[in-house]
Amino acid sequence: MNRVADDVAGILAGLKQPQKRISPKYFYDENGSRLFEEITRLPEYYLTDAEIDIMTANIEEIADKIGPQASLIELGSGSSQKTRILLEHLHDLAAYVPVDISEDHLLASAQRIRHAFPDIEVLPVVADFTQPFALPNPAVMPVRNIVYFPGSTIGNFEDPVAADILKVIYAEAGDDGALLIGVDLQKDSRVIEAAYNDSKGVTEAFNLNMLRHLNREYGADFDLDAYAHEARYLPAEGRVRVCLVSTHDQVVVLAGEQIAFRQGERILTEYSHKYTLEGFASLAARAGFAVDTVWTDRDHLFSVQYCLRT
C-alpha cells in the first residue's frame, strides 16, 4: 500500500470505532500549521509565553547541560520560534535537524533559520516523528544527539502511545543522547479551558481545518458547517478532550465508504494531557529516560524538562 492508501485506511479505522476519532497529525497541513502558529500568539494560550519565559530565564544552564558540538533534533518544528533561543546560545552546534510532517511549512521554516544562522548546518527531515525515521549525516560529526520536543506536544497522545513515542525518541537520541521536552502542568481548570476556547475562534478554525484537510487530500466530503468545536478539561483524567460534534444526523463518504453520524455524535480529534511532575517522570522512565532537571515558570503553569537516557 502507498502512503495515501495507508492514511485512508487509518482514517476509516478511526471513524468506525465506537468513539469516532481522527489522528491529530491531520491538523497539520499548511493551513493548519499557520493556524496553530496564530494560536500560540493568543492571550489565552499561556503555554507558549510560559515556555519562552522558562527558556529565556534558564538558557545558560540548558546550554551547559547540552554541551558543545551536539546535533539538535527538533520534533514538530513549526516556526522554530523557541528553537532560536537555543540556537543563539548552544556551544559550537554540529547541526540543527528540524523534523515535521508538513513539508511546505518545514522547508520554509528551515530556510528562515538558515538565513538567520548562516554558520549552522540546517538539515530538515520530512517525517512522522511518531515512527522511527532516518537522521541525516551532518558535515561535522556530532558528539551527541539532543532531541528537542517543545510545546507539550507529548500531551497530545494517550498514555501508551506517548510512551511509545518516547521510546522512538530514546532510539533517535542514541548513546549519550538526551531529551529536552516541554511538559504542560496540571492547574486551575479555568486557565486550561480558556486556552482551548479562545475568544477569536482560532482554535475552532484549527479544529475544523482537519476536515478541510481530509476533504482536499483524501476525497472526503465533510460539511464543515455541520460540525461544532468542543474542548473540555476533564480534571479526573488530567486532560483536555477536543472534539468535533455533529450538529445533525448525516452521512460522510470517504474512499467510497459511508460513515453515519448521529446528531451530537463526537469525533475525538485530540487529547491534551496535563501532567504532574511525578506523573511525567513515571512516563519517561517507561521509555528509558530519567528526568535530570526541571525548570518551571514562576506561576508553575508549564515546565521544560531535561531527560537523560538510563
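Using a distance-only test at 3.5 Å, with no hydrogens or angles considered, no donor-acceptor pair links the side chain of Glu230 to the main chain of Arg241. A donor-acceptor distance shorter than 3.5 angstrom exists from the side chain of Arg309 to the backbone of Tyr170, with no hydrogens or angles considered. Although no hydrogens or angles enter the test, the distance criterion places no donor-acceptor pair under 3.5 Å between the side chain of His89 and the main chain of Ala63. Not a single donor-acceptor pair under 3.5 Å links the side chain of Glu204 to the backbone N or O of Ala228. Remark: side-chain polar atoms of Asn209 are not paired, donor with acceptor, to backbone N or O of Ala205 under 3.5 angstrom. Using a distance-only test at 3.5 Å, with no hydrogens or angles considered, a donor-acceptor pair links the side chain of Thr56 to the main chain of Ile52. Judged by distance alone, with hydrogens and angles left aside, the side-chain atoms of Ser246 form no donor-acceptor pair with the main-chain N or O of Tyr227 at under 3.5 Å. Judged by distance alone, with hydrogens and angles left aside, the side-chain atoms of Asp249 form a donor-acceptor pair with the main-chain N or O of Gln263 at under 3.5 Å. Proximity of a side-chain donor or acceptor of Gln69 to a complementary backbone N or O of Leu93 within less than 3.5 Å is not detected. Between the side chain of Thr310 and the backbone N or O of Gly288 there is at least one donor-acceptor pair closer than 3.5 Å.
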Val4 and Tyr218: side chain to side chain contact (heavy atoms under 4.5 Å, CB included), yes or no, with the steps? CA-CA 7 Å; Val4 172; Tyr218 304 104; 4.0 Å; yes

Between Thr293 and Gln305, does the side-chain hydrogen bond (donor to acceptor under 3.5 Å, both in side chains) criterion hold? Intermediate values first, please. CA-CA 6 Å; Thr293 307; Gln305 305 195 25; over 6 Å; no

Between Arg216 and Asp29, does a salt bridge (Lys or Arg N to Asp or Glu O under 4.0 Å) hold up when you go through it step by step? CA-CA 10 Å; Arg216 186 187 67 252; Asp29 63 351; 3.0 Å; yes

Determine, step by step, whether Lys187 and Tyr46 satisfy the side-chain hydrogen bond (donor to acceptor under 3.5 Å, both in side chains) criterion, reporting the C-alpha distance in whole Å, the side-chain angles of both residues, the deciding distance to 0.1 Å, and the verdict. CA-CA 12 Å; Lys187 62 189 73 69; Tyr46 62 86; 2.9 Å; yes

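Residue His115 qualifies as open at atom NE2: its count of foreign heavy atoms under 6.0 Å is 12 or below. More than 12 heavy atoms of other shown residues, nucleotides or ligands fall within 6.0 angstrom of atom CZ in Arg114.
Ring centroid separation for the pair Tyr233 and Tyr196 does not come in under the 6.0 Å cut-off. Taking the six-membered ring for Trp and the full ring otherwise, Phe206 and Phe27 have centroids separated by under 6.0 Å.
Here the straight-line distance linking atom CD of Glu60 with atom CG of Asn58 works out to 10.5 Å at 0.5 Å rounding. We find the OG-CG distance between Ser152 and Leu47 to be 6.0 Å, quoted to the nearest 0.5 Å.
Pairing each heavy atom of Asn207 with each of Cys243, the nearest pair is ND2-O, 3.0 Å. Annotation for Phe302 and Ile54: closest pair O-CD1, 3.5 Å, computed over non-hydrogen atoms. In terms of heavy atoms, Gln19 sits closest to Arg266 at NE2-O, 3.2 Å. Across all non-hydrogen atoms, the minimal contact from Thr247 to Asp225 is OG1-O, 4.3 Å. Shown here for Thr203 and Ala195, the closest heavy-atom pair between the two residues is OG1-O, 4.0 Å. Shortest non-hydrogen contact noted between Pro142 and Ala70 is CB-C, 4.4 Å.
In this structure, Asp104 does not pair ionically with Arg34, as no charged nitrogen and carboxylate oxygen lie closer than 4.0 Å. Remark: Glu172 does not engage Lys167 in a salt bridge, criterion side-chain N to carboxylate O under 4.0 Å. Between Lys200 and Glu38, no side-chain nitrogen of the basic residue sits less than 4.0 Å from a carboxylate oxygen of the acidic one, so the salt-bridge criterion is not met. Asp184 and Lys274 are joined by a salt bridge, as a carboxylate oxygen and a charged side-chain nitrogen come within less than 4.0 angstrom of each other.
In this structure, a donor-acceptor pair under 3.5 Å is absent between the side chains of Thr130 and Lys25. Counting only N and O atoms by type, the side chains of Asn156 and Glu270 include a donor and acceptor under 3.5 Å apart. Side-chain atoms of Tyr96 and Glu74 include a donor-acceptor pair closer than 3.5 Å.
If you run side-chain contact (heavy atoms from CB on, under 4.5 Å) between Asn215 and each of Leu254, Val252, Leu224, only Leu224 comes through.
Contact of the Ile66 side chain with the Tyr306 side chain is registered, since non-hydrogen atoms from C-beta on lie closer than 4.5 Å. Contact annotation: the side chain of Val97 approaches that of Ser71 to within less than 4.5 Å [non-hydrogen atoms, C-beta and beyond].
Both tests hold for Lys20 against Phe261: distance to the six-membered ring centre under 6.0 Å, angle to the ring axis within 45°.
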